[in-house]
Amino acid sequence: MIQARLNGLFNSSKVEMELPSTNMFANLPVEITLNIFSCLAQSDLARCAAVSREWYIISSDPTLWHHLELSNLRHTSLPSHALPPSLARRLGVCRSLTLDSTTHINPTDILRLLYHASYSPNLHSLTLTSLTNFRSVSSHLGHFFLTTKSRCLTHVDLSGTAIDTPVVQALMKTHRSTLLVLKLAFTEIGDGALRAVAAGERLRSISLAGCFGLSRGALRAWMGRRVPWSVRRVDLRWLVDVRVGWVADLLARNARQGGGKGSLETVDVSGCERLTLKEVQSLEERWRGVEVTNSAVLLVEGGIWGYRLTEHPTMPQPLSTIGDVAGITTVSSSQRVANVC
């Protein structure tokens, strides 16, 4: 298609196509130029489109705009009444859309971008991370998940974005049969989101790191009875209420569903301060096919204080350890009596 358009451009008598001898792209096949353009960012592609009509045709190829990274987009480049037609058209055919830490674009403009992306039937990846100014319009994100034409959404990352439970419920209602990866780290979700996630039919990875709005009872019930059987990785970092028994229930249920060896491969409990290193080691020994990632530190081997997950500067240590650190030799009471005698 591109070659046909370029041939017509070359054969046109109205257009002078004499390129300077310094143009290295003049004699390259269109396929190679297209491959080179595929390595450029969207902003660079837009600049290339302004060089010549030949480059405009090549840079407008839809395959170059399947993965849109718009984190550097600024509200000053977006008209107040409507998006530029070229951007709207590319959003309508994109396969992945990424907006990360876009504090320089207001939530209304983000909704406009999502509106046009909702018309893409091939959208399979959506990344909206660290959008701290999104709280006031988060309900519209739920509407996006309900109305999008895509039925192949597999990867959704909402980490650090101010979204709540209804957004997750809307997502799982329409995409529970296709979603593979769901990242909700440091969001404001509640217990209802766990019940919605439990409906995932093909979910392989779920991140709940830093979701402090989850209650103990709901988290325990989810780990013990509601984690989808297809999940391979569970991220529970910084959820300080997690107990070793909850993790054991999760691993035992996974093993029962898989006939002794379930699909679960990794459970990340880094920062879960109620777990001990020995408990984590016992879990790995019992379920050898599962990696329990942790940040546990055993302060003294076999010591009574060697149970915290992370280093705690104010936590007391055994007397023998304090003496060794200070360069002091501790003496038992029986030794003192012997010396006196």
Exercise. Please tell me if the side chains of Arg89 and Val93 come closer than 4.5 Å, counting only heavy atoms from C-beta onward.
Key: no
Quiz item: Which atom pair, heavy atoms only, marks the closest approach of Phe145 to His175?
Solution: O-NE2, 3.4 Å
Exercise. Provide the closest heavy-atom pair for Ile189 versus Leu214 in the form atom of the first, atom of the second, distance.
Key: O-CD2, 4.1 Å
Quiz item: Are any non-hydrogen side-chain atoms of Met223 and Val242 less than 4.5 angstrom apart?
Solution: yes
Exercise. Taking all non-hydrogen atoms of both residues into account, name the closest pair between Ala185 and Cys211 and its distance.
Key: CA-SG, 4.4 Å
Quiz prompt | Rounded distance (nearest 0.5 Å) linking atom CD of Glu284 with atom OG1 of Thr293 | solution = 8.0 Å
Quiz item: What pair of heavy atoms forms the shortest contact from Ser230 to Ser263, and how long is it?
Solution: C-OG, 3.7 Å
Quiz prompt | Single-linkage hydrophobic cluster Leu236~Val181, side-chain heavy atoms < 4.5 angstrom | solution = no
Quiz prompt | Inter-residue atom distance Leu171.CG - Lys173.NZ, 0.5 Å rounding | solution = 12.5 Å
Self-check item: side-chain contact (heavy atoms from CB on, under 4.5 Å) between Met172 and Leu179, worked out
Solution: CA-CA 8 Å; Met172 299 306 300; Leu179 197 61; 3.8 Å; yes
Quiz item: Can you check whether Glu69's main-chain N or O pairs, donor with acceptor, with Thr98's side chain at less than 3.5 Å?
Solution: no
Quiz prompt | Residue His143 excluded, over 12 heavy atoms near NE2 under 6.0 Å | solution = no
Exercise. Determine yes or no for a side-chain-to-main-chain donor-acceptor pair under 3.5 angstrom, with Arg243 supplying the side chain and Asp241 the backbone.
Key: yes
Self-check item: Distance (rounded to the nearest 0.5 Å) between Arg90 CZ and Leu83 CG
Solution: 12.5 Å
Exercise. Look up atom OG1 in Thr276 and atom CZ in Arg274, then write down how far apart they are to the nearest 0.5 Å.
Key: 13.0 Å
Practice problem: Report yes or no: do Val244 and Val267 belong to one cluster of Ile/Leu/Val/Met/Phe/Trp/Tyr joined by side chain heavy-atom distances under 4.5 Å? | Solution: yes
Quiz prompt | Contact list for residues 194-231, test ring pair (Phe, Tyr, Trp, His ring centres under 6.0 Å), sequence neighbours left out | solution = none
Table please: side-chain donor-acceptor pairs of residues 151-161 below 3.5 Å, with sequence neighbours left out.
from	atom 1	to	atom 2	distance (Å)
Arg151	NH1	Thr148	O	2.7
Thr154	OG1	His124	O	3.1
Asp157	OD1	Ser159	N	3.1
Asp157	OD1	Ser159	OG	2.7
Thr161	OG1	Leu128	O	2.5
Thr161	OG1	Ser130	N	3.4
Thr161	OG1	Leu131	N	3.3

Quiz item: Leu111 and Thr108: side-chain contact (heavy atoms from CB on, under 4.5 Å), yes or no, with the steps?
Solution: CA-CA 5 Å; Leu111 293 179; Thr108 303; 5.6 Å; no
Practice problem: Rounded to the nearest 0.5 Å, what's the gap from OG on Ser139 to CZ on Phe134? Could you check? | Solution: 8.5 Å
Exercise. Decide if atom OH of Tyr115 counts as having more than 12 heavy atoms of other residues, nucleotides or ligands within a radius under 6.0 Å.
Key: no
Quiz item: Looking at side-chain heavy atoms only, is the closest gap between Arg253 and Asp249 below 4.5 Å?
Solution: no
Quiz item: Can you check side-chain hydrogen bond (donor to acceptor under 3.5 Å, both in side chains) on Asp268 and Ser270, steps first, answer last?
Solution: CA-CA 6 Å; Asp268 194 340; Ser270 302; 2.8 Å; yes
Quiz item: Heavy-atom distance under 4.5 Å between the side chains of Leu87 and His116, does that happen here?
Solution: no
Practice problem: Count the heavy atoms belonging to other residues, nucleotides or ligands that lie under 6.0 Å from CZ of Arg233, then report whether that count exceeds 12. | Solution: yes
Side-chain donor-acceptor distances from residues 192-208 under 3.5 Å, at least two apart:
from	atom 1	to	atom 2	distance (Å)
Ser207	OG	Asp235	OD2	3.2

Exercise. Measure across Ala162 and Thr132 and return the closest heavy-atom pair with its distance rounded to 0.1 Å.
Key: CB-O, 4.3 Å
Practice problem: Report yes if some heavy atom in the side chain of Ile105 is under 4.5 Å from a heavy atom in the side chain of Leu99; otherwise report no. | Solution: no
Quiz item: Going through the distances and angles, do Leu264 and Leu250 end up as a side-chain contact (heavy atoms from CB on, under 4.5 Å)?
Solution: CA-CA 9 Å; Leu264 196 61; Leu250 171 63; 4.0 Å; yes
Quiz item: Is any side-chain heavy atom of Arg256 less than 4.5 Å from a side-chain heavy atom of Asn254?
Solution: no
Quiz item: For the atom pair CG (Leu70) and OG1 (Thr127), what is the distance rounded to the nearest 0.5 Å?
Solution: 11.5 Å
Exercise. Take Val234 and Thr266 through the side-chain contact (heavy atoms from CB on, under 4.5 Å) test and state the conclusion after the steps.
Key: CA-CA 6 Å; Val234 179; Thr266 304; over 6 Å; no
Self-check item: Side chain to side chain, Asp191 and Leu219, heavy atoms closer than 4.5 Å
Solution: no
Self-check item: Expected output: side-chain Arg286 to main-chain Ala252 donor-acceptor under 3.5 Å
Solution: no
